[in-house]
J.: 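Sharing a structure, written as structure tokens. Questions coming.
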Amino acid sequence: GQQVMQIPQYQHVQEGEDFTTYCNSSTTLSNIQWYKQRPGGHPVFLIQLVKSGEVKKQKRLTFQFGEAKKNSSLHITATQTTDVGTYFCAVFQGAQKLVFGQGTRLTINP
Amino acid sequence: DTAVSQTPKYLVTQMGNDKSIKCEQNLGHDTMYWYKQDSKKFLKIMFSYNNKELIINETVPNRFSPKSPDKAHLNLHINSLELGDSAVYFCASSPRLGFYEQYFGPGTRLTVT
């Protein structure tokens with residue numbers, strides 16, 4: 001079934017620095033979702049990418065879906081302390097089962 | 001007006017006991033899920049229900065039994081708890097089956113001693 005490798009597992013940055021997390025699949029994906037989980041919180045849906053080469057922005061967050069639909073990235077410009085948390089990509093196996101990546105835990109030095 | 005709620009938030013119990021976690025969503029969604037998140041933050045689906053019908057049943061010990069009395073509720077009963085069951089359990093819902101976003105509850109932290 002569909003699986004994704006997410007890297008890095010951990011990232012520590014200074015406030016104001018940029019941050020990127022990547023998801024890679026060996027097979028072509030129908031779509032990919034991104035979630036954020038704050039420490040002690042629950043996953044919160046951020047976005048879904050569907051089209052090849054798609055780029056979507058949400059304020060300081062930029063999401064990309066690769067041309068071959070086998071990889072995706074989430075980039076945060078000028079991190080703030082509110083960006084702290086774990087970022088997950090997730091892909092569907094069939095239309096029913098959402099499989100999550102291992103997550104990238106972002107910590108920020110203020 | 002919480003969208004997806006779970007009770008209890010924390011559950012501390014001894015090995016061998018039986019416990020239940022309840023979940024309710026007021027979003028009018030058709031599909032509900034149970035996920036387990038381990039200590040390494042790995043999030044894995046356990047079950048999903050669509051309109052009270054079991055759709056996904058992952059390789060979960062049969063000590064875990066979900067029950068959906070109606071499409072707004074999905075409960076999880078666990079028999080004979082083991083140390084390895086300690087985790088955070090999240091309920092989630094989505095509008096229907098398919099490529100939709102999922103809305104997660106606040107989680108239930110289960111600690112088995």
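Predicted, not measured: the structure shown is a model, and the values here were computed from it.
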J.: Once side-chain contact (heavy atoms from CB on, under 4.5 Å) is applied, do any residues pair with B/N62, and if so which ones, sequence neighbours excluded?
T.: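 Here no residue qualifies.
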J.: Measure distances from A/Q96 to the heavy atoms of chain B and classify the residue's part below 4.5 Å as side chain, backbone, both or neither.
T.: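 Interface part for A/Q96: both.
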J.: Measure the spacing between OH of B/Y35 and CG of A/L98 and express it to the nearest 0.5 Å.
T.: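 Answer rounded to 0.5 Å: 4.5 Å.
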J.: Are A/V84 and A/Y87 connected in a single hydrophobic cluster, I mean Ile/Leu/Val/Met/Phe/Trp/Tyr linked by side-chain heavy atoms less than 4.5 Å apart?
T.: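 Same hydrophobic cluster.
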J.: Identify whether B/I78 and B/L11 are in the same connected component of the hydrophobic contact network (ILVMFWY, side-chain heavy atoms under 4.5 Å).
T.: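 Both belong to a single hydrophobic cluster.
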J.: How about CD on A/Q14, more than 12 heavy atoms from neighbouring residues, nucleotides or ligands closer than 6.0 Å, or not?
T.: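 Atom CD in A/Q14 is packed in, count exceeds 12.
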J.: Report, as yes or no, whether the 6.0 Å neighbourhood of atom CD on A/Q58 holds more than 12 heavy atoms from other residues, nucleotides or ligands.
T.: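 Check passes, neighbour count above 12.
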J.: Which residues satisfy the side-chain hydrogen bond (donor to acceptor under 3.5 Å, both in side chains) test with B/N17, sequence neighbours excluded?
T.: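 Once residues adjacent in sequence are excluded, the partners of B/N17 under the side-chain hydrogen bond (donor to acceptor under 3.5 Å, both in side chains) criterion are B/T13.
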J.: For A/Q9, is it the side chain, the backbone, both, or neither that has a heavy atom closer than 4.5 Å to a heavy atom of chain B?
T.: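 Neither part; nothing is under 4.5 Å.
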J.: Hey, can you pull the donor-acceptor pairs under 3.5 Å for the side chains in residues 39-51 of chain B, sequence neighbours left out?
T.:
residue, atom, partner, partner atom, Å
B/S48, OG, B/I56, N, 3.4
B/Y49, OH, B/P66, O, 3.4
B/N50, OD1, B/T31, OG1, 2.7

J.: Output the residues of residues 79-113 of chain B for which the shortest heavy-atom distance to chain A is under 4.5 Å, in residue-number order; output 'none' if no such residue exists.
T.: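 Checking residues 79-113 of chain B against chain A gives B/F90, B/L97, B/G98, B/F99, B/Y100, B/E101, B/Q102, B/F104, B/G105, B/P106.
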